[in-house]
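One structure is given below, encoded as structure tokens.
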Number of protein chains: 2
Amino acid sequence: MTAHGYSIGQLARQASCKVETVHYYEKTGLMPEPPRTEGGHRIYSLVDIKRLNFIRRCRQIGFTIEQVKELLKFIDEPDHYCGEVKAMAMQQIDVVESKIRDLEHLRDALFEMIARCKGGNYTIDDCPIIDALYMSE
Amino acid sequence: MTAHGYSIGQLARQASCKVETVHYYEKTGLMPEPPRTEGGHRIYSLVDIKRLNFIRRCRQIGFTIEQVKELLKFIDEPDHYCGEVKAMAMQQIDVVESKIRDLEHLRDALFEMIARCKGGNYTIDDCPIIDALYMSE
DNA sequence: ATAGAACCTGTAGCAACTACAGGATCAAGG
DNA sequence: CCTTGATCCTGTAGTTGCTACAGGTTCTAT
């Protein structure tokens, strides 16, 4: 592609995602419908690369597509305030911290099972791991 | 249902899940095809309640359906050894711990963004959160 | 001019459920 | 015994966030 544009493949590589993902983001309204070549191939700009990276980062951070849409509004519409973004970030911290707590519980439970399990030298009937999961309180 | 059997609704309630979920587990082979009444309603036993609870607990712990199938093999087939179960649990701990690390990074990133953001008193152009996500390194 | 890489649209599939629709059956009260 | 309403049945489609084709067109480099 020319000096002033990127193909969808180049764009995807820049953001370490698949071409199909970009299509999907376009379909769901996260990415714009870009100009095309005569033959119909999409032409992207630097701004689009930034936008796609923003989306990918938000997704990795655990925002849903809908939440990313909200965040993109802050970029696309000028009359929003930083406080709204801060509020979303704080809410997201709560979600993340609660996920962390759940996983820590889970890890502890697994550790305890393993600690009680001598492993290998007896059959399933006596396995404390299966026991812990199978026998309800 | 009679003294010796549970309906699918009672079963589901015992394991805090939906009737449809039990159907799904039957279709995917996690739950057995139980005997039926004359009219075709499923009849479950105590063993089935235990089994469903086992499945639900495994799922909550983060095992996939396929992994739960593996674990159920240990219950269904007598000639397995506890060591195999222990190995699966240990592998699962690795997965869980790596998820925890990811989330902690994420939380720290969000905290840092928030710390730098005074909030509300300026517009999106200057918002450090958007900036951190939008501007690539 | 032509080979082959990259693109196009559209549809179907993945996990792990959830939510109907449209009908049959069951348990309890009258 | 009969009716009512809750529960059950099967089957299909929807959810989220992609991913993977299929079958065809276009672009790029030799």
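Between B/Y24 and A/G39, the one whose closest nucleotide on DNA chain C sits nearer the 5' end is A/G39. With the nearest nucleotide of DNA chain D identified for both A/K27 and A/E38, A/K27 has the one nearer the 5' end. Between A/V19 and B/T21, it is A/V19 whose nearest contact on DNA chain C lies nearer the 5' terminus. Mapping A/T64 and B/G9 onto DNA chain D by nearest heavy atom places B/G9 at the nucleotide closer to the 5' end.
A/R56 and A/Y25 are linked by a side-chain donor-acceptor pair at a separation below 3.5 angstrom, with hydrogens and angles left out of the test.
Nearest nucleotide to the side chain of B/E20, out of C/dC20, D/dC18, D/dC9: C/dC20. Residue B/R59 has its side chain nearest to C/dA16 when only D/dG17, D/dT10, C/dA16 are considered.
Note on B/H41: every side-chain N or O is 4.0 Å or more away from OP1 and OP2 of C/dA24. Contact check, B/T37 against C/dC26: a side-chain N or O comes under 4.0 Å of OP1 or OP2. Between A/S7 and the phosphate of C/dA6, there is no side-chain N or O to OP1/OP2 separation shorter than 4.0 Å. Remark: B/R36 is not in phosphate contact with C/dA24, judged by side-chain N or O atoms under 4.0 Å from OP1 or OP2. Within the 4.0 Å cut-off from OP1 or OP2 of C/dC26, not a single side-chain nitrogen or oxygen of B/R42 is found. Note on A/Y25: every side-chain N or O is 4.0 Å or more away from OP1 and OP2 of D/dG17. Applying the 4.0 Å criterion to OP1 and OP2 of C/dA19, one finds that B/K18 has a side-chain N or O inside that range.
With respect to the salt-bridge test (charged N to carboxylate O, under 4.0 angstrom), the residues B/E104 and B/R101 do not qualify. The pair A/D76-A/K69 does not meet the salt-bridge criterion, since no charged nitrogen lies less than 4.0 angstrom from a carboxylate oxygen. With salt bridges taken as basic N to acidic carboxylate O contacts below 4.0 Å, none links A/E33 and A/R42.
Looking only at distances, no side-chain donor or acceptor of B/R13 sits under 3.5 Å from a matching main-chain atom of B/K18. No donor-acceptor distance shorter than 3.5 angstrom exists from the side chain of B/R51 to the backbone of B/I55, with no hydrogens or angles considered.
With rounding to whole Å, A/Q10 atom CD is found 12 Å from C/dC7 atom C1'. Per the geometry, OH belonging to A/Y6 stands 18 Å off P belonging to C/dA6, to the nearest Å. To the nearest angstrom, P of D/dA20 lies 15 Å from NE2 of A/H23. Rounded to a whole Å, the CD1 atom of A/I8 is 17 Å from the P atom of D/dT26. One atom, CD1 of A/I43, and another, P of C/dA6, lie 18 Å apart when rounded to the nearest Å.
The environment of CE in A/M88 is crowded: more than 12 heavy-atom neighbours from other residues, nucleotides or ligands sit within 6.0 Å.
Of all the residues in residues 28-35 of chain A, not one reaches under 4.0 Å from DNA chain D with any non-hydrogen atom.
Proximity of A/P34 to A/I43: side-chain heavy atoms (C-beta onward) are nowhere separated by under 4.5 Å.
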